[in-house]
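A short worksheet on the structure shown next.
We count ligands from 1, going down the list as the structure has it; atoms in each ligand are counted the same way.
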Amino acid sequence: MMGDHPAGRLSGLVALVTGGGTGIGRAVARRFVEEGARVAIVGRTLERLAGVKVELGEAILPVQGDVSRAEDNARAVAETVAAFGQLDIFVGNAGVFDRFVRLRDIPVAELDRAFDELFSINVKGYLLGARSALEELEKTGGSIVFTGSTSSLAPGYGGALYVPAKHAIAGLTRQLAWELAPTIRVNAVAVGYVPTELGGLRSLDQRGGPSRPEDVLPRIPLGLVPTPDDIAGIYVTLAAPRDNRYLTGSVVLVDGGQTMWGPPH
Ligand SMILES: NC(=O)c1ccc[n+]([C@@H]2O[C@H](COP(=O)([O-])OP(=O)(O)OC[C@H]3O[C@@H](n4cnc5c(N)ncnc54)[C@H](O)[C@@H]3O)[C@@H](O)[C@H]2O)c1
């Protein structure tokens, strides 16, 4: 129990956030702690995760693991429950990007490995995480929040691998909401562009940074480039029992209006 936050919207709850060491996941972990939750964060690099614990203290449990591996997901849930006693919120968030690669530009010989890399993290990672968390979430009547994307809803905000994978997350959200009602609510956040270090595909030797804010800004109707913190509040709302009793199977678009104007061709 976080005595420091008696009135927090997530007071007394325990969350597990994959990809919680950086970017959107880190901002979500920080906001959850501010709202009174204790949060396990899963990522590949223990050093980064430890940095979050230095920032946020005892309410953080770093768990090193690869979300594409079943045993790592199971261990993350077990360590969370061992440390904090329960699990109320699972946030599937760890992901990689395909740097807008078009199908024609992926050599046939490399498509197999590229598909496996992206889908094993962005789709299988969410499935394994949700499956591992299921029994604990049933005990608490908890909820699942997935990080989707504008690419969950429309083409052109990613490439030939990322867009179908994020569409799969919209499907997974709806299917799990249907399967798990009335016990567990399942929703997703369809995030628009946020400058982070979101990595490309090793299998395609993708290097270089993510999109530059100055290139994307003219395509954002609200006229601002968000930070991960601008996105984090909606995760609190979707997870908070008091603020959300009646929302499940929803993919909530948080994109500054980007999809209204559409992607560049
Ligand atoms: N940044 C954007 O513009 C944007 C837009 C829409 C959706 N998203 C989604 O947001 C989520 C978070 O991305 P971000 O932008 O914060 O970037 P990020 O790189 O900061 O976060 C992704 C995290 O996932 C972790 N990760 C990757 N593969 C992993 C694995 N196999 N096992 C464990 N951890 C792994 C990374 O180490 C990193 O911490 C992703 O699902 C991404 O697709 C991002």
**Item:** Closest approach of any protein heavy atom to atom 6 (C) of ligand 1, naming residue and atom
**Value:** Val191 O, 3.1 Å
**Request:** Measure Thr196 to ligand 1 on non-hydrogen atoms and call it side chain, backbone, both or neither using the 4.0 Å cut-off.
**Result:** side chain
**Prompt:** Gly23 heavy atoms, cut-off 4.0 Å: which ligand 1 atoms fall inside?
**Reply:** 16 (O), 20 (O)
**Residue, atom name and distance, where the atom is the protein heavy atom closest to atom 40 (C) of ligand 1** = Asn93 O, 3.1 Å
**Ser152 side-chain N/O to Gly148 backbone N/O, donor-acceptor pair under 3.5 Å** = no
**Item:** Check: Arg31 side chain, Ile234 main-chain N or O, donor-acceptor pair, under 3.5 Å
**Value:** no
**Prompt:** Relative to the ring of Phe97, is the ring of Phe100 parallel (under 30°), tilted (30 to 60°) or perpendicular (over 60°)?
**Reply:** perpendicular
**Prompt:** Is there a heavy atom in Phe97 that sits closer than 4.0 Å to ligand 1?
**Reply:** no
**Message:** Does ligand 1 come near enough to Arg44 that some N or O of the ligand is less than 3.5 Å from an N or O of the residue?
**Reply:** yes
**Under 4.0 Å to a heavy atom of Ile24 - the qualifying atoms of ligand 1, by number** = 10 (O), 15 (O), 16 (O), 44 (C)
**Complete:** The protein heavy atom nearest to atom 43 (O) of ligand 1 is Tyr162 OH, 2.6 Å
**Prompt:** Should Leu56 and Val91 be regarded as members of a common hydrophobic cluster, given that ILVMFWY residues are connected when their side-chain heavy atoms come within less than 4.5 Å of each other, either directly or indirectly?
**Reply:** yes
**atom 32 (N) of ligand 1: nearest protein contact (heavy atom, Å)** = Val67 N, 2.9 Å
**Part of Ile121 within contact of ligand 1 (heavy atoms, under 4.0 Å)** = side chain
**Prompt:** Are any of the N or O atoms of Thr150 closer than 3.5 Å to those of ligand 1?
**Reply:** no
**Item:** Verdict with reasoning, Glu117 to Ser203, per side-chain hydrogen bond (donor to acceptor under 3.5 Å, both in side chains)
**Value:** CA-CA 7 Å; Glu117 182 183 0; Ser203 53; 2.6 Å; yes
Name every donor-acceptor pair, under 3.5 Å, that has one atom in a side chain of residues 155-164 and the other anywhere in the protein, sequence neighbours excluded.
residue, atom, partner, partner atom, Å
Tyr157, OH, Gln258, O, 3.2

**Item:** Atom indices of ligand 1 within 4.0 angstrom of Glu197 heavy atoms, with elements
**Value:** 19 (O)
**Asked** Has Lys166 got any heavy atom lying under 4.0 angstrom from an atom of ligand 1?
**Response** yes
**Request:** Identify, for atom 31 (N) of ligand 1, the protein heavy atom at the shortest distance, and state residue, atom and that distance.
**Result:** Asp66 OD1, 2.8 Å
**Prompt:** Between the side chains of Gln86 and Asp88, is a donor N or O closer than 3.5 angstrom to an acceptor N or O?
**Reply:** yes
**Prompt:** Asn122 side chain to Val96 main-chain N or O, any donor-acceptor pair under 3.5 Å?
**Reply:** yes
**Prompt:** At a 4.0 Å cut-off, with the gap strictly under it, does some heavy atom of Gly148 reach an atom of ligand 1?
**Reply:** yes
**Item:** From Val254, Val194, Thr18 - option closest to atom 2 (C) of ligand 1 by heavy atom
**Value:** Val194
**Message:** Is there a continuous path of hydrophobic side-chain contacts, each under 4.5 Å between heavy atoms, that joins Val77 to Phe90?
**Reply:** yes
**Min heavy-atom dist Val42 to ligand 1 below 4.0 Å** = no
**Request:** Please write down residue, atom name and distance for the protein heavy atom closest to atom 10 (O) of ligand 1.
**Result:** Thr147 CG2, 3.2 Å
**Message:** With a 4.0 Å cut-off on heavy atoms, is Tyr126 in contact with ligand 1?
**Reply:** yes
**Message:** With a 4.0 Å cut-off on heavy atoms, is Gly65 in contact with ligand 1?
**Reply:** yes
**Asked** Can Gly20 be said to touch ligand 1, with heavy atoms closer than 4.0 Å?
**Response** no
**Fill in**
Of all protein heavy atoms, the one nearest atom 13 (O) of ligand 1 is Leu198 CD1, 3.5 Å
**Prompt:** With a 3.5 Å cut-off and no angle check, do the side chains of Ser250 and Arg174 form a donor-acceptor pair?
**Reply:** no
**Prompt:** Judging by distance only, is a nitrogen or oxygen of Arg48 under 3.5 angstrom from one on ligand 1?
**Reply:** no
**Prompt:** Is Leu128 reachable from Val81 through a run of hydrophobic residues whose side-chain heavy atoms are each under 4.5 Å from the next?
**Reply:** no
**Request:** Could you name the option among Ser68, Ala76, Ser120, Gly95 that has the heavy atom nearest to atom 22 (C) of ligand 1?
**Result:** Gly95
**Gln64 side chain to Arg44 backbone, donor-acceptor under 3.5 Å** = yes
**Message:** I'd like the name of whichever of Ser152, Gly92, Ala94 reaches closest to atom 34 (N) of ligand 1 through any heavy atom.
**Reply:** Ala94
**Asn93 and Thr147 side chains, donor-acceptor separation under 3.5 Å** = yes
**Request:** Kindly work out whether a path of hydrophobic side-chain contacts (I/L/V/M/F/W/Y, heavy atoms less than 4.5 Å apart) joins Val33 to Ile24.
**Result:** yes
Please tabulate, for side-chain N and O atoms in residues 214-227, each donor-acceptor pair with protein atoms closer than 3.5 Å (sequence neighbours left out).
residue, atom, partner, partner atom, Å
Asp215, OD1, Arg212, NH2, 3.1
Asp215, OD2, Arg212, NE, 3.0
Asp215, OD2, Arg212, NH2, 3.3
Arg219, NH1, Asp215, O, 3.4
Thr227, OG1, Asp229, N, 3.3
Thr227, OG1, Asp230, N, 3.4
Thr227, OG1, Asp230, OD2, 3.4

**Asked** Regarding Ser120 and Asp116, is there a side-chain donor-to-acceptor distance under 3.5 Å anywhere?
**Response** no
**Request:** Looking only at distances, please establish whether an N/O atom of ligand 1 is found under 3.5 Å from an N/O atom of Gly21.
**Result:** no
**ligand 1 to Thr22 polar contact by distance, N or O atoms, under 3.5 Å** = yes
**Message:** For atom 5 (C) of ligand 1, tell me which residue out of Ala190, Gly192, Ser149 has the closest non-hydrogen atom.
**Reply:** Gly192
